[in-house]
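First comes the structure, then the notes that go with it.
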Amino acid sequence: MRHSERAKAPTRRSGGTEATEAGEAVLPPAGDKAAQLLALRPHFRRELETKLQRAGYAREEIAEVLDKLVRLRLLDDGALASAFVETVARRKGWGRMRVAQELARRGAPEAAAQAALAGLSADADLEGAREAALRWRRTRGGSADALARHLSRRGFASSAIFKV
């Protein structure tokens, strides 16, 4: 159902939903909900689409809103994937595999994820694994096996783990 076809004479309820005089809940426009979600943090298109579907918006209305956000450059999967890779690979110390898994989980398109991951140098996993190992040794210490398990959980390649 389109927003213009929704019940008339809505009144505001807490939480951003509206209610008609009969007490039925009415959703705010999909664009408003999308803007609200994007204000909290950037989203991939598929991620935002899923959240709007769960909220009860019609597929056609969602598609219109998402297309408009793309045209306005408020929704850019490629830029978000690049920023995400920069953040988690370098700042959180995640390996290439873990970053790729998280991009997929969040709904990044395959092409955007691959382009963003291509920005990581071939030695990025080795450098990241070394940094993660140094941080781990300072705080926990322990055996080489425990370190290897830690680095594996962080998503580093086996070759990088063995070199470290």
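Worth saying up front: this structure is predicted, and the values here are computed from it rather than measured. Residue numbers count from 1 along this sequence.
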Examine [X] and [Y] and state if one hydrophobic cluster contains both, with Ile, Leu, Val, Met, Phe, Trp and Tyr joined whenever side-chain heavy atoms are less than 4.5 Å apart.
{"X": "Ile62", "Y": "Leu72", "value": "yes"}
{"X": "Leu147", "Y": "Met97", "value": "no"}
{"X": "Leu37", "Y": "Val70", "value": "yes"}

Electrostatic pair Arg41-Glu47, nearest N-O below 4.0 angstrom: yes

Do NZ/NE/NH1/NH2 and the carboxylate oxygens of Arg105 and Glu102 come within less than 4.0 Å?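 Result for this pair is yes, salt bridge flagged.
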
Can you tell me how far the [atom1] atom of [X] sits from the [atom2] atom of [Y], to the nearest 0.5 Å?
{"X": "His150", "Y": "Phe156", "atom1": "NE2", "atom2": "CZ", "result": "7.5 Å"}
{"X": "His43", "Y": "Arg106", "atom1": "NE2", "atom2": "CZ", "result": "8.5 Å"}
{"X": "Glu110", "Y": "Leu117", "atom1": "CD", "atom2": "CG", "result": "9.0 Å"}

Show the nearest heavy-atom pair for residues [X] and [Y], with the distance to one decimal.
{"X": "Lys92", "Y": "Arg135", "answer": "O-NH2, 4.2 Å"}
{"X": "Leu151", "Y": "Ala132", "answer": "CD2-CB, 3.7 Å"}
{"X": "Gly31", "Y": "Val65", "answer": "N-CG2, 3.6 Å"}
{"X": "Ala108", "Y": "Ala113", "answer": "CB-CB, 4.5 Å"}
{"X": "Leu74", "Y": "Leu38", "answer": "O-CD1, 4.1 Å"}
{"X": "Leu52", "Y": "Ala30", "answer": "CD2-O, 4.1 Å"}

Are side-chain heavy atoms of [X] and [Y] found at a separation under 4.5 Å?
{"X": "Lys68", "Y": "Arg71", "result": "yes"}
{"X": "Tyr57", "Y": "Pro29", "result": "no"}
{"X": "Leu27", "Y": "Lys33", "result": "no"}

Where the side chain of [X] meets the backbone of [Y], is there a donor-acceptor pair that is under 3.5 Å apart?
{"X": "Asp125", "Y": "Ala160", "result": "no"}
{"X": "Ser152", "Y": "Ala148", "result": "no"}
{"X": "Arg45", "Y": "Leu75", "result": "no"}

Listed once per pair and sorted, the salt bridge (charged side-chain N to carboxylate O under 4.0 Å, His left out) pairs that draw on residues 139-163, sequence neighbours left out: none

Which residues satisfy the side chain to side chain contact (heavy atoms under 4.5 Å, CB included) test with Pro109, sequence neighbours excluded? Phe44, Asp77, Ala112

Which of parallel (below 30°), tilted (30 to 60°) and perpendicular (above 60°) describes Phe84 and Trp94?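 Because their plane-to-plane angle is over 60°, the rings of Phe84 and Trp94 count as perpendicular.
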
